[in-house]
Every structure is written in C-alpha cells, then in structure tokens.
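Here is the naming used below: chain letters follow the sequence lines, and residue numbers restart at 1 for every chain.
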Amino acid sequence: MTDPFFIDDLDADQGAHSPRPGGIAARARAAAGGPRYLDGLNPEQREAIEAMDGPVLVLAGAGTGKTRVLTTKIAHLIAQGRARAHEILAVTFTNKAAREMKERVALLAGPVAEGMPWLGTFHAISTKILRRHAELVGLKSSFTILDTDDQIRLMKQVLQAENIDDKRWPARALAFQIDAWKNRGLDPAHVPAGEAGAFANGKGGQLYALYQERLKILNAADFGDLLLECLRLFKENPDVLAQYQSRFRYMLVDEYQDTNIVQYLWLRLLAQGRHNVCCVGDDDQSIYGWRGAEVDNILRFEADFPGAKVIRLERNYRSTGHILAVAASLIAHNEGRLGKTLFTDGELGAKPTVAGVWDSEEEARSVGEEIEQLQRKGHALDEVAILVRASFQMREFEERFITLGLPYRVIGGPRFYERAEIRDALAYLRCAAQPADDLAFERIFNLPKRGLGDATLQLLHDCARRQRIPLMQAAAAMVETEELKPKQRQTLRGLLSDFSRWSSLIDSKPQGELAEMILEESGYTDLWRKDRTAEAAGRLENLKELVRSMEEFPDLGAFLEHISLVMEAAGVDGGPRVSIMTLHAAKGLEFETVFLPGWEEGLFPHQRSLDESGRAGLEEERRLAYVGVTRAKRRAKIYFATNRRIHGLWQTTIPSRFLDELPADHVEVVEAASGAAYGGYAQSRFANMDTYGSSYATPGWQRARRRAEESKHEAQGRGQQGKTYQQNRRGPLQIEGELIAKSSTASGFVKGARVFHQKFGNGTVAGVDGNKLTVDFDKAGRKLVLESFVQAG
DNA sequence: TGTGGCCGAGTTTTT
DNA sequence: CTCGGCCACA
C-alpha cells in the first residue's frame, strides 16, 4: 500500500463496519481507486465527506460518528488536492475538541496536515486574526485577553467613576449584559434603546461604550470582543476580509447548534467567499441556549445558505436498542426540531431502569451499591458515570463514595487557572509583559502585603483616569511628586523599578526562569512558604507546575495567550475512577453505564429554566435529558427521589414529567438497590398506571405500586413527614461513628492525630477502625473517611 | 490591615 | 443550609 492515508481501524469506538477484505464492497472500491481512509464508512457518512462543494449541513445524531466525519473530511480535502492544510478553516467550541480533532486529523492525514494552523476554537482563531490586524481596531497586537473576573473588576471601576451605586446596579449584572450583547453581535451603537436603557436608569448603553473605551486604553479585549472586534475588522476592512475569504477554501464547523449570533455572522461573512462551508451539529443536543447559543442557527441553515445540502446521520454506533428507543421517545416530545431518529443494527440490550427512592441520601446509597455490584462483576469504574443536573447534587455522591472507598473524580471542578495562586502569579507575569494591564497590576499591587492600601490605589486611579493612562504609568508619574506619603512612595518606586527590570529581561531570559525570578523577588513565593495552613504546600506545588508548563512555549507572550484561552487543570490520574459530572459537561462523552439521578420536577426540568424561558426552556431541559440518556452505551439508570433538600429545607418532590415521556415498552421500573427503600411513589404522576400500557405489570412495578400505597398511608399517619424525616436522617451518621469508635486496630494514624483531607480540610482523628478513620473536622464536623484519603497534618 | 458578622443568593459554563 | 462578598470595627 503506497497510499499515505492508510490507517488502521482508528475508530473502533464509532463502530465502523470494516468490509470483509476481498468482499464485494472492498473490491469495488479498489476498482474505483477509492482511498482506504473511506473504508468502513456508512453511505451517509461517506456522502457527508464527499459533498465538498457548496454549503453542507450534516445533522449528526448522538453517537453517529460525527467527529470521524469531520476529521476524515479534512483528510479527504487534503488528499484530493482540494486544499492544503493551511487553506482549511476548522472551528470548534472548546479547546478540548480542537485538540482531539488535531490529533485525529494528524493520524489520518499524517504530516501533510502538519499544524492545521486554522483549526481551533472560534476564540483562538479570532485572536489570531485580530493580532495580525490589531491596529485596525484600535489595539496593539500584544493586547491582553481578560477573563470574566477581570471584566467584572473593570466594570466596577467604570461604575465607580460614573458614581453608580454598585449595590443597586451590580457590576456583574452589567458585565453579563454586555457579554450577551456581544454574543448577539451588538456594539454600543447598535444596542436596542430599550435594552440599553434598562440598566442604571437608562445609562446601560453609555456604560457599555465607556467600558469599551477603557478596554482600549488597557490594550485589552474580553472574550466577547475577540469575536465582535474580529467581525468589525472584517466589516470595516473589505480588503482584509477578502484576504481571508480567499484563503479559506473550505470551512468546517463542529457543534453548529451551539453557535451564537456573532459566531454565525462571523462565519457567514467568511463563507461569502467560496461558499464551501460544512456545518456539523445536532439540534437535539443544543443545551447552551442560556449562554447565547441560537438553535435557530441550525434550524435556519438551509435558508441562510441557499442551495445547502442536508445530510442526516442516524445510524448510531454507541448505544443498545432499548436505550435509543428511550432517547427517541423522549426527544420526540420536542416541537422545534429538524427531526431525526437514531437506529442501530446492534442488540436491544438491557432496558433502561427507573427507580424511586425516598431521598437524595438513599439515592446516593443505591447508586453506590449498584456501582459496587458492577465492580464485583468486573466492570471498569472509568466506564461508569453519574450525570447530574446541578452541581449541588454531586456532594451527596462524593460523600457516599468516600465512605465506601470508591474512587471517583469530579469533572468540571475549579480550573487550574482559576485558582488564586495561579491568577496571582499570572498577574505578575502580565504586568511584566504588558505594563498597561491595570487589572493585573491592581491584583498584585499589594500582594504580598507591602503597605500599599486602598487609599494609595484610589490616588493612582484618580490620576490614571484624569490623564487616561494605565495605572503603572500613573504610578510612575506619582512617585515623582509629593502626593504620596514618603513610605508608600518609596515602596511603589521599588515595585516599579522591579517591574521595569523584569520587563527588560523578557526577551533575553527564558520565560520559566524569569517567572521564577519574579515570583521569588517579589516575595510572592515567600507568602505561601510562610503560610502554615494545609493548602499552602499544594499552592506552591501549583506554582511550580505553572513554571514547568511555561517552558513548553516559545516565549512569555505565547504562554500568556495560551493561558487566557486554554489552560486546563493538570490531570492527576491514578487508576480508573467513577466520573461525577453535570449533564452539560457530559456532552460528547460516553460510558458503558450511566446513572441519571434527580429526575424530579423543579430540579429536572429545572424550575428556573421553565420560569425564565417557558416552553423553549422546557425543550432545552428535555434535550439535556436526551443528552444524558444517549451517553450510555449499555446501561442507563434513572432515579427520582421523593424528598430533596432545597436551600436547606426538605421538600417533597414530584417525579419528573420526563419520566412520563419514556416509552413503557423499553423501560424497566425497578426497586432501588439500597435495602432500606421506602416506596415514595405517593403523589407520583409516574405512579399513574393509566399512562402506560400493560407492560408495567411486571413484578418490580407491582412491588413499587404496593410500596407506593404503603408510603401514602405512612405519610398520612405521620403528618409532618418532612420534619420526622429530618430527625431520622441524622441517625445513620451517629451509628457509623459509634461503630467505628469501638474497635481500633493497626493503622498509620492514632486517635488524636491531626490530619488533612482534600475535601473536608483539617481535623482530628477521633477513632480508628482498620483503614477507616472517624475524624472530627474543624469545619465539616465528624466524618467517616478512608485512611488513604487523608494526609498527616 | 485584618477579621467577624451580617446579608443575600442559590442551574447549567466556554472562551 | 452554606457560601461568598462586603462593611464595620478593632
């Protein structure tokens, strides 16, 4: 085989049907001279790949090989000589998706695809374009990218300068509003008067303009600007636009259902050149409406791009038959959709289960027990996931798993770059690289404490605002005057001279060494060295990790850009673990077994979604449910609890309406795995047999019904069930505590030892039982934990 | 400058 | 209930 694009079955997970070697299909292809990378694609996938000219919309259902189509298409375009790697624009939403696509294209097309310079997120690609033409939009090409935090702080300054009461008109709210405007492609001049006037007695639009002005002075852009300013660049400079329109012979867009208006406008402008735009997406998986995604973009595609070809991928390679049937029936309740039905030739598999539990604690207990059963049967823990609607639901599972000693990981926790020490360190680097970065300067100006307080900052601000210059420049001016007290003046002068020294080293010193030097000389590292709290060591470790990761970049600028657009948590592995995450975070992933807890009205669908967006909100929630179910390859396990604590109060809940939408023939109603099950079917719409066919006359269902009756009576007899329950609830913990306290055997820890736990913090060992410790945590109270989860404190 | 207490909010999250 | 932010006070 001389074909350079030959690959092994790269894509087993997408279930490619490899044709029998020498089979008719293979021989026909050989005769036609078709390239090997097209082997094993189904006709629709192949059609999507071979449709190269003009606009194409690929409606790719969950698990239908969407990524494979995209990556193969890129390889195909290159192999067919339609375009070279740098003439293809491929856009994704997340850095993760971009990275994966890059890897897979490299595998398929090899070195020919080297680089794919225009494969990236909307933001990364826009940034790249903006830096090249920054001066045309009033920026310098070294502009800083502000994150949400910086945005809000900048907004606070703007509001303060305008004497607007931050209490009544929170900076955060206006920052969000501006972000929303930017997502809709609206600059200050184009915000509808009604909306602009809604904030701060009609000043919203004006404040937006002032905020933009400040950004330019700081030589900064926020996330929204990256797209909006790029769009403005194109609109105001037809020559620049033409240059990119002709460069991008082919454009591919992943997750098109998640695009917002500004992204759509940006794409449409570029696509007006060669018209070869291929968008891949699934309207049924649009779950980001609340942050500006426009499902309409995908629903309207054919109107927006005349002559568009629409290809549906409906053959699912991920899930078994019953799971797909459940997903299909659920999503069929949505009205605003293009319509597609997943199917599989594979086995029916096990029916998704629905189990009712008394409360969230029993829910966690049952899930834990089921996972342990799976584990005993030899199932891998990293093929198990718990997908929740809201992150507060995670805590209960975490606590249960810690008790059980079940390894788990929470996906989507606080990110590396959001941690205080990382942000502080970055602020130092930003100041050195970009002295106009006021927000960074403000952050570290008195960190570590150096006696420069709010009063000094206020003076600097006044000066900066009066002269329309950055803070550091203002500071430089003020240390030459008598306006500051001698002590502050001296300190500030020292700080400024430190920064100018560090700045001067940027081009000569490797950025890693420079960073170490800055953190050392500024006294920042010492701040944490002196800190004797348990977290300090971890923070120092994070700082080291930061310096280490810098060394992979060509220079400080490249690193800072990466950090503002990309930086993710340094993954600490260590054996297979159960994943706990939100449904949103689960999109694009798949697991053998998926637990879907919390299917109750108010939580899922979430009340707020219904209140704020009505029918559209409900449909988005339903799509979320659909995403959840379609993550499962072989087992989907749905739960609902009858009681849940909401804002500290126990409330009786009603099973989710989505349960009523599941097809009776494909669902099994089961008892929860935990022994101490209450029925909890009282008041359940789900318990209404008439909704279902006769197939619900299963033993499990009958048991469930029986218990529903019992618990109804129980509830009546008990009166205030919420209160009674609250008392019950404290029971088990106590019992566990006592049990543990009784025995004490060999362990690395002794009673009275101080320990540190990742989740609960510091505490004192109150009892030891084998590898289990009872610990009185300073903050979290008494908990039973596994020895392996704590460190000596 | 640091800390305690009070008040308010409380879904999902990328870039 | 629990956390975070902000203000007032030491």
Worksheet item: Rounded to whole angstrom units, what separation is found between the CG atom of A:Asp611 and the P atom of B:dG10?
Response: 13 Å
Practice prompt. Please tell me which of the listed nucleotides, B:dT13, B:dG10, B:dT15, lies nearest to the side chain of A:Phe223?
Written response: B:dT15
Worksheet item: Just checking, A:Arg291 and A:Tyr288: is the charged tip under 6.0 Å from the six-membered ring centre and within 45° of the axis?
Response: yes
Worksheet item: Looking at the side chain of A:Thr148, which of B:dT15, B:dT11, B:dT13 is the nearest nucleotide?
Response: B:dT15
Worksheet entry | Pairwise 5' ranking along DNA chain B for A:His647 and A:Met394, keeping only the more 5' one | A:His647
Fill in: Distance test, side-chain N/O of A:Asn95 to OP1/OP2 of B:dT14, below 4.0 Å
no
Worksheet entry | Value in whole Å for how far the C1' atom of B:dT12 lies from CH2 of A:Trp290 | 4 Å
Discussion item. Any donor-acceptor pair under 3.5 Å linking the side-chain atoms of A:Thr259 with those of A:Asn297?
Written reply: yes
Worksheet item: Checking all strands, does A:Gln151 fall into the base, sugar-phosphate, or nothing category for heavy-atom contacts under 4.0 angstrom?
Response: nothing
Worksheet entry | Whether A:Tyr288 stacks on the six-membered ring of B:dT14 base, 5.5 Å and 30° limits | no
Practice prompt. Using whole Å, report how far NZ of A:Lys156 lies from C1' of C:dG5.
Written response: 8 Å
Discussion item. Please report the distance, rounded to the nearest Å, between CZ in A:Phe176 and C1' in B:dT11.
Written reply: 12 Å
Worksheet item: Over how many whole Å does the gap from A:Leu603 atom CG to B:dT11 atom P extend?
Response: 10 Å
Worksheet, complete the sentence: Taken to the nearest whole Å, CE/A:Met581 to C1'/B:dT13 is 15 Å
Worksheet item: Pick the nucleotide of DNA chain B nearest each of A:Ser609 and A:Arg450; which residue has the one closer to the 5' end?
Response: A:Arg450
Discussion item. At 4.0 Å (heavy atoms only), tell me whether A:Leu452 reaches a base, stays on the sugar-phosphate, or touches nothing.
Written reply: sugar-phosphate
Worksheet item: B:dT14 P sits how many Å from A:Asn183 CG, rounded?
Response: 14 Å
Worksheet item: Contact class for A:Asn446 (heavy atom, under 4.0 Å): base, sugar-phosphate, or nothing?
Response: sugar-phosphate
Fill in: Geometric cation-pi criterion A:Arg622 and A:Phe658, 6.0 Å radius, 45° cone
no
Worksheet item: Should A:Asp258 and A:Lys587 count as an ion pair when the cut-off is N to O under 4.0 Å?
Response: yes
Worksheet item: Can you tell me if the side-chain N/O atoms of A:Arg608 get under 4.0 Å from OP1 or OP2 in B:dT11?
Response: yes
Item to complete: Look at A:Arg423 together with A:Asp147 and state whether they make a salt bridge at an N to O cut-off of under 4.0 Å.
Response: yes
Item to complete: Have a look at A:Gly451 and say if it touches a base, only the backbone sugar-phosphate, or nothing, with a 4.0 Å heavy-atom cut-off.
Response: sugar-phosphate
Practice prompt. Take A:His461 and A:Glu442 through the test side chain to side chain donor-acceptor pair (under 3.5 Å) and record every step on the way to the result.
Written response: CA-CA 10 Å; A:His461 263 310; A:Glu442 219 180 295; 3.3 Å; yes
Worksheet, complete the sentence: Closest to the side chain of A:Lys449, out of B:dT11, B:dT1, B:dT12, is B:dT1
Worksheet item: Ring-on-base stacking between A:His123 and B:dT15, under 5.5 Å between centres and under 30° between planes: is it there?
Response: no
Worksheet item: Rounded to whole angstroms, how far apart are NE2 on A:His584 and P on B:dT12?
Response: 9 Å
